[in-house]
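Heads up: the structure comes next, in structure tokens.
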Amino acid sequence: MSPLPKVEPARTSKQKLEDDKRRHALDTLQLVTGVGAVKARNLVTAGCTSIADMRKPEYYSTLTEAQKIGLRFVGQIPEPVTREQAETVLDFIRENISSKFEVHLGGSYRRGAPVSGDMDVILFHPTHVHVPTPNISHSSAFSNRKITGTSPLSSKSGSRMTKAEREASPLIKDVVQPLTQGGLIAATLSTGARKWQGVVRLPEKDKDGQWELMSERVKLVEADKGFFRRMDLNLVPWKSRGAAMLALTGDIEFNKDIRLKAGQLGMHLNEFGLWRWQSNEPEEPEANAEEAQQEGSWELMEADTEEDILAELGVDWIEPTKRNFAYVVGKPTKKKATTVKGKSKER
DNA sequence: CATTAGT
DNA sequence: ACTAATG
């Protein structure tokens, strides 16, 4: 009387256990900055199942430079940054670079969070850096295609930088270098013309409120002594300050929402500004080839503060601290029957 | 190009 | 939704 088909409990539970272990290994390896789903899977498949394993030469040698840095600071980087720590770093930066830079903190700090996962530093400079034209065509709503690399405009300007160009860039020369020599910057994860990502050692003040000696800080960095945190430096053209403040303050859902709104109004919003599409003169429509060459171009709108951009989008001012969770798009004096978005993830 | 990261 | 850097 046991017509029940027999299952195989031994095999099933063993399988389940191995699945759990594998998942745990994948999650663990992804604690290292720069290690994502693909790299973690490759490592686990190769037999690397722990942070300690990752330091073995056979695995370590497969890591990128950024992943090696991530591994070096894996015990420190996940630690949250307090507002006080962020403000200390901000003070230090202001004291150690040219006063021509206007320095702000974005991210969850600006949204009022008590602690943040990292520091998002925004640097405005009145002269340096130019504003790149968006790489998408206006009809992207229908044909989601980008302008091809054969476009005379897009092919060149956004291209890569040589090492020499990189070191001559204002972000590196005028910001990263002094902050490194000052003993703030401990390691670089990635660095380009307008974005630097890396690790800083929190500067400390002595009993008299004086910073540590510069030479002391540099030694402490080399000895891995102190508190290390993630920081991003963003160099922003003056004209892009409003768009950059919006983009770098977030949160993600807020950014998506106002960008969607811009698109619905036929505009394009990115961290460089609010753009409107300018069609080319039809000029002489006769005899034109089947493929119209240039349909038009994106032109930067005047709106260069957060207020102006939001106003242009028909959105009333929203305090940064209100950009965290549910927020309303549309007229505030009307019913609340407008789009409300929830949140999911925050550090 | 894919991967990772960032709001 | 959209962009930057790496390899």
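So you know, we letter chains A, B, ... as the sequences are listed, proteins then strands, and number each from 1. Remember, it's a predicted structure, so these values are computed and weren't measured experimentally.
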With a non-hydrogen cut-off below 4.0 angstrom, is A/Asp120 in contact with a base, only sugar-phosphate, or nothing?
sugar-phosphate
Side chain of A/Asp118 (C-beta onward), nearest among C/dC2, B/dT7, C/dT3
B/dT7
Carboxylate-amine/guanidinium proximity below 4.0 Å for A/Glu306 and A/Arg110
yes
Electrostatic pair A/Asp53-A/Lys56, nearest N-O below 4.0 angstrom
yes
In terms of ring plane angle, is the pair A/Phe124 and A/His104 parallel, tilted or perpendicular, where the classes change at 30° and 60°?
tilted
Have a look at A/Leu269 and say if it touches a base, only the backbone sugar-phosphate, or nothing, with a 4.0 Å heavy-atom cut-off.
sugar-phosphate
A/Leu274 CG to C/dA1 P: how many Å, rounded?
17 Å
What is the distance from CD of A/Gln197 to C1' of C/dT3, rounded to the nearest Å?
11 Å
In whole angstrom, what separates A/Asp232's CG from B/dT7's P?
6 Å
So what does A/Arg110 touch, heavy atoms closer than 4.0 Å: a base, only the sugar-phosphate, or nothing?
nothing
Between A/Ile77 (CD1) and B/dT4 (P), how many Å, whole number?
16 Å
Quick one: is the NZ or CZ of A/Arg323 closer than 6.0 Å to the six-membered ring centre of A/Trp317, and within 45° of its axis?
yes
Taking only side-chain N and O atoms of A/Asn270, does any of them lie within less than 4.0 angstrom of OP1 or OP2 on C/dT3?
yes
To the nearest Å, give me how far apart CH2 (A/Trp298) and C1' (C/dA1) are.
13 Å
Whole angstrom is fine here: how far is it from CE in A/Met231 over to P in B/dA5?
19 Å
Measuring from the side chain of A/Ser190 (C-beta onward, heavy atoms only), which nucleotide among C/dT3, C/dA5, C/dG7 has the closest atom?
C/dA5
At 4.0 Å (heavy atoms only), tell me whether A/Ala66 reaches a base, stays on the sugar-phosphate, or touches nothing.
nothing
With a 4.0 Å limit, can you tell me whether A/Arg194 has a side-chain N or O closer than that to the phosphate oxygens OP1/OP2 of C/dA4?
yes
Distance check needed: C/dT3 C1' versus A/Leu246 CG, whole Å only.
15 Å
What's the closest nucleotide to the side chain of A/Phe272 if the choices are B/dG6, C/dA4, B/dT4?
C/dA4
Taken to the nearest whole Å, CG/A/Asn255 to P/C/dT3 is 12 Å
From the candidates C/dC2, C/dA4, B/dT7, the one with an atom nearest any side-chain atom of A/Glu271 is C/dA4
Side-chain N or O of A/Arg230 closer than 4.0 Å to phosphate OP1/OP2 of B/dG6
yes
Side chain of A/Val38 only, heavy atoms from C-beta on: which candidate in C/dA4, B/dT3, C/dA5 is closest?
B/dT3
Transitive ILVMFWY side-chain link A/Phe228 to A/Ile51, under 4.5 Å:
no
